[in-house]
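In what follows, a single structure is set out as structure tokens and then discussed.
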Amino acid sequence: MKRDLYEILGVSKTADEKELKSAFRKLAMKYHPDKNPGDAEAEKTFKEINEAYETLKDPQKRAAYDRYGHAAFENGMGGAGGAQGFGAGGFSDIFEDIFGEMMGGGRQRRSSGGRERGADLRYNMEITLEEAFTGKNAQIRVPTSITCDVCTGSGAKPGTSPKTCTTCQGSGRVRATQGFFSVERTCPTCHGRGQIITDPCTKCNGNGRVTEERSLSVNIPAGIEDGTRIRLSGEGEAGVRGGPAGDLYIFLSVKPHAFYQRDGADLYCSVPISMTTAALGGKFDVTTLDGTKSRVTVPEGTQAGKQFRLKGKGMPVLRSAQTGDLYIQIQIETPQKLTKRQRELLKEFEEISSKENNPESTGFFSRMKEFFE
Ligand SMILES: [Zn+2]
Ligand SMILES: [Zn+2]
């Protein structure tokens, strides 16, 4: 005959979540196998407590139990899950620790007293080339865990204080033998914190941290390059129980520009001009990233691929007074959709053209033939 779940936890049928949790905590600590080595009766009670709590903390399972009693879970679901879940948890804990030690990681985040460094955060930011040119002060909103202001991160209700864990005497680690292994593992009672909170803070439920959106201002210096990582030390998630905060990394990408391509501090701009401008010469203005206009003079007979350099009109060099150059690369557009009159004029133009007008194309194929024969 199975015992009543409420009776196991010593609570009334109307107990709320908090009462359940606190009853479970007290009993679990008392009957924990680590505190009662070799005591089969304590182990059995401990399993029952876990099972009862696993069921009653879940509103759906609790409702089913209230209605049908243990019969609600006799088809395999529910109740048994508690005990199974617990067993698996114990194992994964050990193996995680073995792996953690082999990989050289895992434990570094934890130090004695349960102080834990907060996680690093990544924030992806995209800026325009103009913004990279001038630099900017960006306001960003980062959802992050911050230290609970009610308990100042201790996790304990104000006026109470966490108690040293009696299972591990505050070290957060216990030695356990599992088959051939004798490993040091995280204390199962306090989960490595070394302390037990009997009266958890109601705002953060004993976590010592709450999730909030923080507004941060980030200074993006002029000349910053695509792919730059900016580290804001201590602006990551809050540490646990007074541990140091993690860092916030801003991963910066610069959007491709409609007209300018960047190569380090230099900028390149491809400018198509008409065939007649290329032949007769002319002028055009380009708007540079500082918003001013620069005039480019195209001399008579300019060829495709010709590059003009506008000195100092490129990007600023990060943390320096230098600036790169702007290169204007000329493309020549061949006229299309000619009218009858235009065609006549071009034909006439061709008839009166000489070798000097087209030194590259005149005789190109005969020179090539000669070369290879
Ligand atoms: Zn709190
Ligand atoms: Zn402990």
Side-chain angles (χ1 to χ4, degrees), residues 16-19 21-39 42-43 45-47 49-50 53 86-87 89-98 100-101 106-119 143-178 181-214 236-246:
D16 64 15
E17 232 176 274
K18 239 174 97 184
E19 286 175 72
K21 197 170 181 178
S22 117
F24 167 69
R25 268 176 206 266
K26 277 182 198 137
L27 290 169
M29 259 189 274
K30 186 174 169 193
Y31 291 102
H32 199 284
D34 287 9
K35 287 179 97 178
N36 304 278
D39 186 343
E43 197 180 337
T45 310
F46 184 67
K47 273 187 183 161
I49 296 160
N50 266 290
Y53 183 61
F86 179 78
F91 262 103
S92 71
D93 201 17
I94 288 173
F95 284 104
E96 251 168 45
D97 281 6
I98 292 171
E101 273 151 42
R107 274 222 273 155
Q108 283 162 350
R109 284 188 54 173
R110 262 187 193 156
S111 56
S112 61
R115 285 154 54 88
E116 218 175 282
R117 187 178 178 275
T144 182
S145 286
I146 60 163
T147 303
C148 172
D149 56 347
V150 173
C151 62
T152 60
S154 74
K157 205 177 225 167
T160 71
S161 55
K163 296 185 172 48
T164 303
C165 172
T166 47
T167 307
C168 61
Q169 271 79 46
S171 72
R173 314 282 300 168
V174 289
R175 287 206 74 81
T177 308
Q178 191 85 27
F181 297 111
S182 172
V183 288
E184 197 190 49
R185 62 178 172 113
T186 306
C187 171
T189 309
C190 63
H191 303 289
R193 286 165 191 159
Q195 292 183 321
I196 297 283
I197 293 163
T198 42
D199 277 308
C201 164
T202 48
K203 187 178 179 187
C204 63
N205 297 318
N207 292 318
R209 302 188 295 179
V210 286
T211 303
E212 262 177 32
E213 246 194 9
R214 266 188 320 154
E237 292 205 325
V240 176
R241 269 161 279 274

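Because the structure is predicted, anything quoted here is derived from the model rather than measured. What you see below is based on every heavy atom in this structure, not just the backbone, and it leaves out hydrogens, waters and symmetry mates. Start at 1 and go down the list; that is how both ligands and their atoms are numbered.
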Taking 2.8 Å as the limit, list every protein N, O or S atom around the Zn ion (ligand 1), by chain and residue number. Cys148 SG, Cys151 SG, Cys201 SG, Cys204 SG
Minimum heavy-atom distance [X]-[Y], with the two atoms named:
X      : Y      : answer
Val174 : Pro188 : CG2-CD, 3.8 Å
Thr186 : Arg173 : OG1-NH1, 3.3 Å
Val150 : Pro158 : O-CG, 3.5 Å

So what's near the Zn ion (ligand 2), protein N, O or S atoms under 2.8 Å? Cys165 SG, Cys168 SG, Cys187 SG, Cys190 SG
Quiz question: by atom type and distance under 3.5 Å, do the side chains of Thr147 and Arg209 form a donor-acceptor pair? no
With a cut-off of 6.0 Å (strictly less than), are more than 12 heavy atoms of other residues, nucleotides or ligands near NZ of Lys203? yes
For Glu19, does the CD atom sit with more than 12 other heavy atoms under 6.0 Å from it, leaving out its own atoms? yes
State, with a plain yes or no, whether a side-chain heavy atom of Lys21 is found less than 4.5 Å away from one of Tyr53. yes
To the nearest 0.5 Å, tell me how far Lys163 NZ sits from Cys190 SG. 14.5 Å
Member of Cys187, Cys165, Pro162 meeting the side-chain contact (heavy atoms from CB on, under 4.5 Å) criterion with Ile196: Cys165
